[in-house]
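This report refers to the structure that appears directly beneath it.
Here is the naming used below: chain letters follow the sequence lines, and residue numbers restart at 1 for every chain.
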Number of protein chains: 2
Amino acid sequence: MSCQSKSCEKCHHNICTYRVPIFSDLEQNEMTKVTELIITRKYARGEMIVMEGNQLEGLYIIHSGRVKAFRYTQEAKEQILYLFSEGDFFGEKNLLRKQPVTYHAEALEETQICVIPHHSFHELLKEVPSINYKIMDQLCIRIEHLESLIQNMGTRDMEARISAILLEFAEKYGSKQKDGILVSMPLSREGIANYIGVTRETISRKLSRLQEDGIIELVGNKKLKILDLSALEQDFI
Amino acid sequence: MSCQSKSCEKCHHNICTYRVPIFSDLEQNEMTKVTELIITRKYARGEMIVMEGNQLEGLYIIHSGRVKAFRYTQEAKEQILYLFSEGDFFGEKNLLRKQPVTYHAEALEETQICVIPHHSFHELLKEVPSINYKIMDQLCIRIEHLESLIQNMGTRDMEARISAILLEFAEKYGSKQKDGILVSMPLSREGIANYIGVTRETISRKLSRLQEDGIIELVGNKKLKILDLSALEQDFI
DNA sequence: CGGGCACTTGATAGTAATCAAGTCCGGTGG
DNA sequence: CCACCGGACTTGATTACTATCAAGTGCCCG
C-alpha cells in the first residue's frame, strides 16, 4: 500500500473532490481547500482496505476502482453488502457516530482511495453545511440499495434473483452494443453467489441455463452479453 | 382513521416530541414550538399507514404502537424490512430527497402517529441544525439494521436465523423473569416467516423443536419464554 | 360457549447444497 | 509464440432441506 500524499495544482482531476457527489455543491476555492486535506492510497486487487471493527481515521472515498463490502455469515461464508465504485464512500459511521466500520472492504481491482481525516471533514462541514444534505442523500441511497437487496434475497425463485443481479450489473457496468448489452462483471461466480446468498455451483448452472435459453451469452469468465433484456426483466418483474 | 389535531399544554407527554431521539437536543421552548406543528393520527391493528409509492406530507413519527414495514417479493410474498416502535420514524426519503416511500407500512396494533409537515420540519431544521446529526444517526442505525438482516438472510442454517430473530425480539420486547425472558411477540408466525424469508410452517416446526430442546417455552401464540439464552446465542454466534 | 382463524403436524415433492470429477481460461515462463 | 500450470469454472450424481399440500388442533374473541 503506497501513499501519494498531497496533490499539486495541476492534477486536480485526479483528486476525489471533482468526482464525488457529496462535494458537488462546493465552490472552486472550497474544492481546493478540501483537496489539500486529502491523502490518497492505492490498493491492489484482493487487498483488504478495512476490516470490520476498524476505527478509521477519516472518510474513505473511492477515487478509482471497485470495492466489495461484506460480512461473514454464521457458516463463515461471505455475504456481500455493497459494491462500491468511483465516488462512493465508506467509514461514515465512524464519522457520524464514532462507531467502527461494520463490514470488511476488499479491492476487486487496483483501487485508489482518498481519505479525508475526521477533523478536516468536520471543519469542512462547518463551513459548508449543505454537505450535510448530500450525505443524508447518499445514506438514503444506501438504504434503498439494502432494502432492495433484502427484497431480492427474500424471493425464493433463484432465476428471479439472478436476473435482478444481472440487471443491476447491466445498469452499472454495462455498455450498449448493437446485439445486446456487454457487461463487465465486477464479481467472480463465487462473488455473485456471495451477493445473493447461494453457492457458486448454482450460479454456474443458472447462467448456463440462461445462455441455453438465448437470453445471455457468456464471454469468457469476466464478461457476458445480455441478448434479451426483456426476458430478464420479465423474470424480475 | 381519526385525527386528534393540536395539543394542549397539559398533555405534552402525549406528544412525540418528548419520546423521539431526533428531538432530544431541543430546548423547552423549541419543544413547544414543534409540538404545535404536529398532527396526530390513530390507526387500528391491521390498518395500512402508508403504501409504497406514496408521497407523504411530512415525517411520520410513531408515538405509540408497533408498525411493520415491508415490500412484496416476486412471488407476492411480504418481505418485512423493519419493525418500528415508539420513537421511530419513516417518510425521511420524502423529506430529504423528495422521493416517495419505498415500502408499505401497516399497524401491528393500535398505533398513534405524529406527522410533522414538510415545511414545518424544514423550518425547525434551520433553527436547530443539530437535528441534522440526529437524523444521520438514525439513518446509520437503520443501515446497521438492514446490514444485519442481510447477513442473517445469507446464512443458510435456519436454526441460526430464527435464533437471531428471537434474540432481537428479546432485546426489544422482552422482560426478564426469574426463569427466563418473557417475550411479547410483535409478529405472528407468518410475520416472522416474512421477516426471515421462509414459510410459516417452517417457523412452526423450528419453534416446536426449540421447545422440545428446552431452549424456549411457547406461551400461547403471542408470547414465548426464553429459558436458555446462551443456547440461542450459541446458535447465533 | 362457539366459531373462525392462526397454528401445528404429517407426507410428499422439488430445489439447491454438497461432494466429486473434469474442463476451460488466463497468466507465466521457456 | 507456444506450452504448461493453477485457479476458476462447469457439470454430474447424490443428499438434505424446506416448500408445498393437506388435515387436524387449539387459541382467542365475541
Side-chain angles (χ1 to χ4, degrees), chain A residues 44-46 68 73-79 106 108-110 152-163 165-166 184-213 216-224 235, chain B residues 44-46 68 73-79 106 108-110 152-163 165-166 183-213 216-225 235:
Chain A
R45 173 194 165 89
K68 70 173 174 185
T73 65
Q74 249 57 53
E75 301 99 341
K77 220 180 41 160
E78 277 182 19
Q79 175 60 51
E106 182 187 319
L108 289 169
E109 54 189 60
E110 183 164 301
N152 193 230
M153 290 182 74
T155 76
R156 205 126 313 291
D157 178 13
M158 200 56 47
E159 213 88 15
R161 282 159 75 174
I162 292 179
S163 295
I165 292 292
L166 291 183
S184 145
M185 302 293 279
L187 294 172
S188 65
R189 299 290 185 267
E190 185 160 18
I192 301 170
N194 293 338
Y195 201 6
I196 64 175
V198 294
T199 59
R200 56 177 177 277
E201 292 98 327
T202 299
I203 298 291
S204 259
R205 276 185 252 271
K206 294 295 177 183
L207 287 181
S208 299
R209 188 86 208 294
L210 285 171
Q211 182 166 232
E212 272 174 42
D213 295 349
I216 65 171
E217 183 190 331
L218 300 173
V219 183
N221 283 333
K222 293 179 177 167
K223 286 182 183 172
L224 66 77
D235 256 5
Chain B
R45 172 195 165 90
K68 71 173 174 185
T73 66
Q74 248 58 53
E75 301 99 341
K77 218 180 39 158
E78 277 183 19
Q79 175 60 50
E106 181 188 320
L108 290 169
E109 53 190 59
E110 183 164 300
N152 192 231
M153 290 184 74
T155 76
R156 204 129 314 291
D157 179 15
M158 200 54 50
E159 213 88 15
R161 282 159 75 174
I162 293 180
S163 295
I165 293 292
L166 291 182
V183 182
S184 145
M185 302 293 279
L187 294 172
S188 66
R189 299 290 185 267
E190 184 161 18
I192 301 171
N194 292 339
Y195 201 6
I196 64 176
V198 293
T199 59
R200 55 178 178 277
E201 292 97 328
T202 300
I203 298 292
S204 260
R205 277 185 252 270
K206 293 297 178 183
L207 288 181
S208 299
R209 188 88 209 293
L210 285 171
Q211 183 166 231
E212 272 174 41
D213 296 349
I216 65 171
E217 182 191 331
L218 300 173
V219 183
N221 283 333
K222 292 179 176 168
K223 286 183 184 172
L224 66 77
K225 196 179 284 179
D235 256 5

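Side-chain atoms of K222(B) lie closest to dC28(D) of the nucleotides dT18(C), dC28(D), dA22(D). When distances are taken from the side chain of R205(A) to each of dT20(D), dA17(C), dG12(D), the shortest belongs to dG12(D). For S208(B), whose side chain is taken as the heavy atoms from C-beta onward, the closest listed nucleotide among dT10(D), dT20(D), dT8(C) is dT8(C).
Between the Q211(A) side chain and the L218(A) main chain, a donor and an acceptor come within less than 3.5 Å of each other. Side-chain atoms of S163(A) come within 3.5 Å of backbone atoms of E159(A) as a donor-acceptor pair (strictly under, hydrogens ignored).
With the nearest nucleotide of DNA chain C identified for both G191(B) and T202(A), G191(B) has the one nearer the 5' end. If V219(B) and E159(B) are placed on DNA chain D by their nearest nucleotide, the residue sitting closer to the 5' end is E159(B).
When the side-chain nitrogen and oxygen atoms of R189(B) are compared with OP1 and OP2 of dT8(C), one or more of them lie within a distance under 4.0 Å. Proximity of T199(B) to the phosphate of dA19(D): a side-chain N or O atom is located under 4.0 Å from OP1 or OP2.
Atom CZ of R161(A) and atom NZ of K206(A) lie 11.0 Å apart (nearest 0.5 Å).
One can place CZ of R161(A) at 8 Å from P of dA17(C), the figure rounded to the nearest angstrom. Rounded to whole Å, the distance from CG on N221(A) to P on dT11(D) is 11 Å. dA8(D) atom P lies 16 Å from atom CE of M185(A), rounded to whole Å. Here the C1' atom of nucleotide dC7(C) and the NZ atom of K223(B) are 18 Å apart, to the nearest Å. Taking atom CD1 on I162(B) and atom P on dT18(D), their separation rounds to 9 Å, with Å as the unit. Distance, L224(B) CG to dC7(C) C1': 14 Å, rounded to whole Å. Here dC17(D) presents its P atom at 18 Å from CD of E201(B), a figure rounded to the nearest Å. For the pair E75(B) CD and dG14(C) P, the interatomic distance rounds to 17 Å; values are reported in whole Å.
In this structure, K206(A) reaches the sugar-phosphate backbone alone: every heavy-atom distance under 4.0 Å involves primed, P, OP1 or OP2 atoms, never a base. In this structure, E190(B) reaches the sugar-phosphate backbone alone: every heavy-atom distance under 4.0 Å involves primed, P, OP1 or OP2 atoms, never a base. As judged by a 4.0 angstrom heavy-atom cut-off over every strand, S188(B) is placed among residues touching the sugar-phosphate backbone only. When heavy atoms are screened at a 4.0 angstrom cut-off, R200(B) is found touching no nucleic acid atom at all.
Between N194(A) and R200(A), every side-chain heavy-atom pair lies at or beyond the 4.5 Å cut-off.
At a cut-off of 3.5 Å, with distance as the only test, a side-chain donor of E75(B) or T73(B) sits close to an acceptor on the other residue.
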